[in-house]
Amino acid sequence: MGCNCSKGIRANEIEDNNKNVKARRSKPKNSNKTSKKKNKSVSSIKANVGSEERAGFVNGSSNESTLKFLIPTDAKNNASSDDGEKKENLERKSSRSIFQRRPTTENNNLATLQQQPKMIRINSVSNGEKGAQVMAGWPSWLAAVAGEAINGWIPRKADSFEKLEKIGQGTYSSVYKARDLETNQIVALKKVRFANMDPESVRFMAREIIILRRLDHPNVMKLEGLITSRVSGSMYLIFEYMEHDLAGLASTPGVKFSEAQIKCYMKQLLHGLEHCHSRGVLHRDIKGSNLLLDHNNNLKIGDFGLANFYGEHQKQPLTSRVVTLWYRPPELLLGSTEYGVTVDMWSTGCILAELFNGKPIMPGRTEVEQLHKIFKLCGSPSEDYWKRSKLTHATIFKPQHPYKRCVAETFKSLPSSALALVEALLAVEPDARGTTADALQSEFFTTKPFASDPSSLPKYQPRKEIDVRLRDEEARRKKGTSSKQNESKQASKAVPAPDANAELPASIQGQSNQISTSEVLNPDRDGTAQSGYTRYGMSSVNRNGESVMRGSSPPRKDLRSQRSFVQRGGAQLSRFSNSVAARDASHFAIANPRWFEDSYNGRQNDGDWSQRLLVKPKHSTKAKDSRPGYGEKTERMNYSGPLVSSGGNLDEMLKEHERQIQLAVRKARVDKKTSRDNNGQTQAFLAPNGR
Ligand SMILES: Nc1ncnc2c1ncn2[C@@H]1O[C@H](COP(=O)(O)OP(=O)(O)OP(=O)(O)O)[C@@H](O)[C@H]1O
């Protein structure tokens, strides 16, 4: 932000913006459309998106300056009235905005804009705000539903950036390295995906933007601006470019962190988190690949896609289906919908132990397995906790015999101060984890060796988690279809914090088109969820604005849509399942896509989604045919209620669970082979025609 806002603005007034683009575009046909499209419908806008984007980024230099994004103003409710309670939730903390410049009517005057070299502000008169935002260059679909997110800013234009290479692939976004042609700075552009510009998708992106705008700390990724245009159907978030992420760095062969170095990273993480928490923001996806590092080892927390506000005034329940599985605290696995900073503290504990351990400490493949791993390491909660908690899944997962905690034995090689902090952060009972301030004051940071200064640490070759993933996949491909032995080895030697949410590039598995979509029940307590696409098209929100599930299926009433990562190669299973559940899918979606369909088909009016965690034996499919829309699929499994009674046998459940995973792995392998054979046939078929 700073770099651009401090620069003078050549305010080629807003209307001219698109004309300027036109002049530079290789396809004048596309650009000619721009000025005529003010009142275009969403679908017609969409039709232009592709051409605009193709023409959008330039490959050469451009001397032409474009309008800058601006110093943000205080967040303010300016979205359409249909935002309802979601809006309320997003705005709860708006009075604490760090950016206090309010737009005024006069500032809409373009002459005024030109006189203000350091910022441009947009008119925000109550009824004219949307119009002003559109006039300022925002697409109307965005101004209509995400006014607060863009309030006071003006979009940057794609052609003022040179796209260099793709550097990250998240589940919901692609990240590119690019050069800002106006500052010559290297930046990261996160392209967010929308499904048909559905308002819910847009609102989710807006939440990320609003949260990012409210944060301002050296250890938190700063949103520098946004790229879009009046005729665009997509959006790029502009960030400072970071060379590494902690996951990638930690898994670099030969890289071993010293204690002082771990302290350095942990300290920065805790300071960044402290800032988020102090601003009422829960990150809810702390993991190594979301901890970005620049070449000087400065760490910034990134990816606020799952973040949300929390606080005393939080009336709506939060979703428990957040945080990448390996870093997800037990209370979320048990279905808690009332929580606070303690969820981030748990993830922090996992990271701390992982940095010393050299690999993830609890790489569960499914929610059930994750909980089991947690209990085995951290002990099961006390009787009193079970009584007090009233957690959704408490009755299902309460073990018959308590598990003994063995953190100290497991991590006996850790320095005592580090172990003490791990013990605190990995407390099964949330309140015992303390706060970021408690952690920062712990012996770990106050005793020698002290945290290194970031700039004193070794400079590493740029390496990202995505590189690690690609390398691993390449190695796996070279080795051929991995044996069962190999698979389990890979699973256990997983690189730190693999981003299992991410879709692997299609090339890796050659099966990207097999990502299927399924849906699950609306876990909203009161069934009031607004269904539809969210977070860039892959989830649904409840009235709290919570992302609960993601998918790409069409909106359906009372359902959460989600993407289920199925039919990938077996070797991918552990990676995907590691966080699929975190962002969306239940493990059953991974193991057997049909289970999910069935849960949807069979239980669409049922708000109780705990059944997803249970495996119903095949013979228990009695009720299926009577369910509307169930169909004839005899192989299907479905749910008709808890299968494990209160105080059920977790071990048996896990055994059955493991069996199902193995089945899914085998099936995925067969599918992969079939797909390869089919491809081979197709190619053979095409070859005679000279391709
Ligand atoms: N500012 C940045 N500089 C460099 N690389 C970045 C930056 N921001 C993100 N990346 C890379 O892109 C990846 C994906 O970004 P991000 O996590 O924000 O997207 P996402 O869609 O939410 O991902 P996921 O679903 O995997 O959590 C990151 O893991 C990181 O490697």
Side-chain angles (χ1 to χ4, degrees), residues 1 161 163-180 185-194 201 204-205 207-209 211-212 219-225 234-252 272 283-295 298-307 321-328 347 462-471 495-505 515 534-539 547 550 562-563 565 575-576 578-585:
M1 178 93 200
F161 292 84
K163 222 183 218 179
L164 299 172
E165 59 180 308
K166 187 166 178 173
I167 50 169
Q169 175 68 64
T171 315
Y172 313 102
S173 65
S174 302
V175 183
Y176 300 88
K177 186 175 182 178
R179 185 189 310 282
D180 182 339
Q185 260 181 345
I186 297 296
V187 293
L189 301 180
K190 178 169 170 174
K191 182 179 180 182
V192 295
R193 298 183 200 139
F194 301 110
S201 319
F204 260 83
M205 178 215 52
R207 184 175 74 179
E208 183 171 356
I209 294 171
I211 287 173
L212 283 164
N219 299 121
V220 174
M221 271 313 297
K222 183 137 189 71
L223 179 64
E224 306 272 358
S234 63
M235 172 108 108
Y236 290 85
L237 277 61
I238 310 168
F239 295 103
E240 171 189 351
Y241 178 74
M242 305 291 278
E243 276 80 3
H244 315 278
D245 59 59
L246 198 56
L249 203 56
S251 62
T252 306
H283 186 278
R284 305 196 305 180
D285 198 15
I286 293 296
K287 59 178 176 179
S289 60
N290 285 338
L291 304 177
L292 302 167
L293 294 158
D294 68 13
H295 59 280
N298 294 309
L299 179 149
K300 292 180 199 269
I301 302 171
D303 191 4
F304 282 76
L306 287 182
R321 303 188 65 78
V322 282
V323 187
T324 295
L325 195 55
W326 298 357
Y327 306 90
R328 197 184 307 181
S347 312
R463 183 181 166 87
K464 287 232 166 61
E465 187 269 341
I466 192 175
D467 304 327
V468 178
R469 241 192 295 151
L470 291 169
R471 183 208 62 194
V495 294
D499 185 357
N501 281 325
E503 298 162 309
L504 288 180
I515 294 171
T534 55
R535 182 137 193 246
Y536 324 148
M538 296 174 200
S539 67
S547 163
R550 296 176 187 191
Q562 70 169 59
R563 169 169 294 192
F565 297 91
R575 283 177 186 282
F576 277 98
N578 130 50
S579 72
V580 164
R583 294 233 174 182
D584 44 26

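As the structure lists them, so they are numbered: ligands from 1, and atoms in each ligand from 1. Sequential numbering from 1 along the given sequence is applied to the chain's residues.
- Going from atom CG of L223 over to atom CD1 of I209 covers 6.5 Å, rounded to the nearest 0.5 Å.
- Within the 4.5 Å cutoff, the side chain of R179 has heavy atoms near those of the I186 side chain.
- With distances taken over non-hydrogen atoms, the option nearest atom 17 (O) of ligand 1 out of L293, D303, L189 is D303.
- Heavy atoms of M221 found under 4.0 angstrom from ligand 1 belong exclusively to the side chain.
- Those atoms of ligand 1 that come under 4.0 Å of a heavy atom in K190, given as number and element, are 16 (P), 18 (O), 19 (O), 22 (O).
- Separating the NZ atom in K287 from the CG atom in L325 is a distance of 11.0 Å, to the nearest 0.5 Å.
- For the pair L293/L246, a side-chain contact is recorded, criterion being any heavy-atom separation below 4.5 Å from C-beta on.
- Using a 4.0 Å cut-off to heavy atoms of D245, the atoms of ligand 1 that qualify are 31 (O).
- Between D303 and K190 there is a salt bridge, with a side-chain nitrogen of the basic residue lying less than 4.0 Å from a carboxylate oxygen of the acidic one.
- Near G168, with a cut-off below 4.0 Å to any heavy atom, the atoms of ligand 1 are 12 (O), 13 (C).
- Closest to atom 28 (C) of ligand 1 by heavy atom, among S289, G288, G248, is S289.
- Annotation for ligand 1: atoms under 4.0 Å from non-hydrogen atoms of I167 are 4 (C), 5 (N).
- For atom 30 (C) of ligand 1, the choice among L246, L292, V175 with the nearest heavy atom turns out to be L292.
- Distance check, rounded to the nearest 0.5 Å: NZ of K222 to CD1 of I238 gives 12.5 Å.
- For G305, the heavy-atom gap to ligand 1 stays at 4.0 angstrom or more.
- Close contacts between ligand 1 and N290 involve ligand atoms 17 (O) [criterion: under 4.0 Å to a heavy atom].
- Across every non-hydrogen atom of D294 and E240, the tightest pair is OD2-OE2, 4.4 Å.
- Those atoms of ligand 1 that come under 4.0 Å of a heavy atom in F239, given as number and element, are 1 (N).
- If you look at A188 next to ligand 1, the close heavy atoms, those under 4.0 Å, all belong to the side chain.
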Please determine whether side-chain contact (heavy atoms from CB on, under 4.5 Å) holds for the pair S173 and K191, giving the CA-CA distance in whole Å, both sets of side-chain angles, and the decisive distance to 0.1 Å.
CA-CA 5 Å; S173 65; K191 182 179 180 182; 5.9 Å; no

